[in-house]
Amino acid sequence: MAFAAAFIVALQPMESQMTVAINNDVAVIGFAAVIYFLQLYTLQSESPSPLIGLFIGSSLSAVILSKPHGYAMIPGSAFVVALTLWRHPRSRRAWLFTTLSVLPFVAFAGVRIYHLYSTGILIPAQNHPKPDPGFLVFLNTLGDDYTAWLFRSAWGQFGWLDYALDGEWFDLVHAVWFVATCGLIVACVRWVVRSDDRMRLWFSGRLVIFSAATAALVILFILFAEYRFRLVGVVHVIQGRSFLFALPSVTIIACAGIGSLVPARFRQLSAAGLCTAALALHIGALICIVRYHSVD
Amino acid sequence: MSRLAFEWGGLALTIQWWIYLGFVHQLRRYVDKVAKDFNLGNLPDRVSQLRPPALKVPCSYVYLVVFVSIAVGAIGVLFVRGLREAMAREQ
């Protein structure tokens, strides 16, 4: 669904401001969604599929070649490959899975990374003109205005344009997150006290932890990129859309939290409601953009 | 009674749907508010000049209609299946 959504986003008029034929942000969102789905599929499957390995390696190469943001997907993929080998150390399929997932990555992305380093495009840390305050200090000093702008710019305005959806939309998004957080807390408490099985997480607990780690890694990686840009004197390069490829994993976490609040037989109704809300937000964002172009 | 959602799970579902319907209500309000400025006719001249014709208006309208149709269809299927599941006899 995330891949389909990214494909549809590619057709929206928001790229009109970018004056390009193909938007690489959309490619990052789409390929990251595919990689994340394949990672979950591999983690859940009994036996690793070499074809899935090939898809993971190819998609990983594609996401990195689309935009450097894609580097954030490497640790998760490496973890999945390592875990597969650890689970099936003597399986021929596992080694074939590993080989086929690593080969395309080395052949395409590896060459690209080597090229970036050898040509000095990747800025060495010692060349920073500003004193290095440390990444944790940077995170602590992020202003509320900037974080609010990042959040708002993820929907509707595609980052750097000065128009956004109304605040009421974001109150509703916050409400969904509040419910999801309550659900995750309830699920954790129930898991600790091992009570009623009916109200367990919608998904496997391990997959939710993997999703949380993926989302955290992506968000921290993008914030680290902003931190590095600021060190060389460039500000506000990172915009809301830069975080959107974390959405698939964030969505799984939200669904797990929301689904854990209702018994299993109500979950499809809950999912129908969540999809209704997502579609309304999507159409609202589209109308926002079209209106912007109409009144300008 | 529990099949009719008169339980904690039903209460949670009601709260969730109350928030979800808030999105639909907001969309309706938003459409009413911006209707006077909303003009799809302005788009063809503003979309990137470099995009291939298959991704420009009017073709993109076709994709948009297909996407909304699929999305509404998927939600409809989820809703029907969800209602059936909720009202089914408990094992």
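Numbers restart at 1 for each chain; the letters A, B, ... are given by sequence-line order, proteins then strands. No experiment lies behind these values; they were computed from the predicted model shown. What's counted below: heavy atoms across the whole structure, side chains too, no hydrogens, waters or symmetry copies.
Within a 6.0 Å sphere centred on CZ of A/Phe210, other residues, nucleotides and ligands contribute more than 12 heavy atoms.
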Might you work through the side-chain contact (heavy atoms from CB on, under 4.5 Å) test for A/Thr276 and B/Phe23, ending with a clear yes or no?
CA-CA 8 Å; A/Thr276 306; B/Phe23 279 86; over 6 Å; no
side-chain contact (heavy atoms from CB on, under 4.5 Å) assessment of B/Leu27 paired with A/Trp169:
CA-CA 9 Å; B/Leu27 178 62; A/Trp169 287 102; 3.8 Å; yes
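How far CD1 of B/Ile19 is from CG of A/Asp171: 11.5 Å, rounded to the nearest 0.5 Å.
You'll find the side chain of B/Arg29 reaches within 4.5 Å of the side chain of A/Glu168, heavy atoms only. The shortest side-chain heavy-atom distance between A/Leu274 and B/Tyr20 falls under the 4.5 Å cut-off. In this structure the side chain of A/Phe266 never reaches within 4.5 angstrom of the side chain of B/Glu85, judged on heavy atoms.
When each of A/Ala272, A/Cys182, A/Ala175 is scored by its heavy-atom pairs under 4.5 Å with chain B, the top score falls to A/Ala272. Of all the listed residues (B/Leu78, B/Val31, B/Val77), the one sharing the greatest number of non-hydrogen pairs under 4.5 Å with chain A is B/Leu78.
Using a 4.5 Å cut-off between heavy atoms, B/Arg28 does not touch chain A at all. Looking at A/Ile283, both its backbone and its side chain come within 4.5 Å of chain B, counting heavy atoms on both sides. The contact between B/Gln16 and chain A is made entirely by side chain atoms (from C-beta outward), counting heavy-atom distances below 4.5 Å.
When all heavy atoms of A/Leu269 and B/Ala86 are compared, the pair lying nearest together is CD1-CB, 4.0 Å.
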